Structure formats: C-alpha cells, structure tokens
Amino acid sequence: MTVTHFTIWNQNMRKLTLIPMFLIASLAILALSQLTGCESLGLQPANTFSEKLAYAYGTHTAVLKATTEAVKAGALSGADATQVLSLADQSRQLLDAARAISTSGDANGATTKLVLATAILTQLQTYLQTHHGGP
Amino acid sequence: MNVAIALSLLIQLSQQIQQISALIAKAKAEGRDEITEADIDAIVGDDDAARAELKAAIDKAVG
C-alpha cells in the first residue's frame, strides 16, 4: 500500500468511525425526546400516563421489529433472539400490568410497572446495538 | 457497536415515535387531554403482530 492509498484508506476509516457516533447521538436524542418531550423535533411530549405508556409500547414494538430484521439478516442467532423475545415478553407483561393498574386508579403502582418495563427495554436496546456475531 | 442492528433499531424507533406522536397530536387537535383506549388497543395490536413476526423468524432460523 502506497502512502497515498494509505492516506485515502485512513480518511475513509475516519468517516466510518463517525457512523456509530452518529447513531449513538441519534438514539440519545430519541430517548430524550421520549422522556422529556422534544417539541423542537416535531414530536409530541408524553405528558400523561397513557401517553408515556403508548411511547413505551411503541419502543417495545421497535425492539421486536429490529430483532426480527436482525434474525432475517443473519446478524442475530435464533438462540440470541429467543433470549431477546423472553425479556421483551417480560417487559410487555409489565406494560400490560401498568395499563390494568392505571385503570383501577393506582397511579404509583402503574408508574412503577412502567419504569420497570422501560428499564428492560433500555437494556434490550443496548444489547442489540452492541451485539457481535451472527448465528 | 453493531451498526446494522443499531441503524435498524433507530429507524424502527423513529417510525414508532412518529406514529404515536401523531396520535397525541390528533387527540390535542380534537380537544382531548388523553389518547383513547382504542388508540392504545391499536398500538398493542401492532405490538402483537410484531411479536408474531419475530416468533416466526426465530422458528425459521432455529429450523
């Protein structure tokens, strides 16, 4: 490899390293917009419990769909995806429980369930982003 | 970081957030303080469909 080729290769590698940084920043912005409501991005803030619950269900769906795409693309093994699904199911049970409890009037109990479900979803997103190795 | 999965997750999150944001905006436009139970039922229905699709993909991958 000549010096010129190395310089071009080096420049391209620097550009590639910017992609993960862009993704991390984008995901952070999305996460923040869910938590605090970022109207400057054209998104509606989650002010009420049902709106926060709706965003949490949406995040759950996004995790499931991203996992499906990863399995279909061979980026995630069936065994790993099964573990993701198992945790996602736990999160879904907590979301369903939060919804049921909120209708019975126990706001604190519902919020606790929602926070737990969100914590699992956050861990799943981190796992998916940092997963290495296919089937 | 797995760029492909992270990008897929970013796109899916973006789509879901925009969809739910639109429901909240619609509720406000109609003078409601809350999204309806029917709205949440629809979101849950989408989630059930996504789960079924993932389960099918896993079954196919495991063989």
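Just so it is clear, the structure is predicted and the values come from calculations on it, not from any experiment. Order of the sequence lines sets the chain letters (A, B, ...), proteins ahead of strands, with each chain counted from 1.
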K.L.:
Can you tell which part of B:A61 gets under 4.5 Å to a heavy atom of chain A, answering side chain, backbone, both or neither?
P.N.:
side chain
K.L.:
Counting only non-hydrogen atoms closer than 4.5 Å, does B:Q15 touch chain A with its backbone (N, CA, C, O), its side chain (CB onward), both, or neither?
P.N.:
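Neither part.
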K.L.:
Test your reading of the model: is there a side-chain donor-acceptor pair from A:H131 to the backbone of A:L76, 3.5 Å cut-off?
P.N.:
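Here the side-chain-to-backbone pair does not exist.
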K.L.:
Under 3.5 Å, is there a donor-acceptor pair between the side chain of B:D47 and the main chain of A:T61?
P.N.:
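Yes; at least one donor-acceptor contact below 3.5 Å.
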K.L.:
Using a cut-off of under 4.5 Å for heavy-atom pairs, which of B:V62, B:L54, B:I35 has the most such pairs with chain A?
P.N.:
B:L54
K.L.:
Do A:S86 and A:D89 have side-chain atoms, one donor and one acceptor, less than 3.5 Å apart?
P.N.:
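Their side chains do not contain a donor-acceptor pair, so the 3.5 Å distance test is not met.
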K.L.:
Contact part of B:D59 toward chain A, heavy-atom cut-off under 4.5 Å: side chain, backbone, both or neither?
P.N.:
neither
K.L.:
Highest number of heavy-atom pairs under 4.5 Å with chain A: which of B:D48, B:D39, B:I11, B:L23?
P.N.:
B:D48
K.L.:
What I'd like to find out is whether the side chain of B:E34 reaches to under 4.5 Å of the side chain of A:F49, using heavy atoms alone.
P.N.:
no
K.L.:
Could you walk me through whether B:D46 and B:Q19 pass the side chain to side chain donor-acceptor pair (under 3.5 Å) check?
P.N.:
CA-CA 11 Å; B:D46 286 346; B:Q19 181 187 342; 3.2 Å; yes
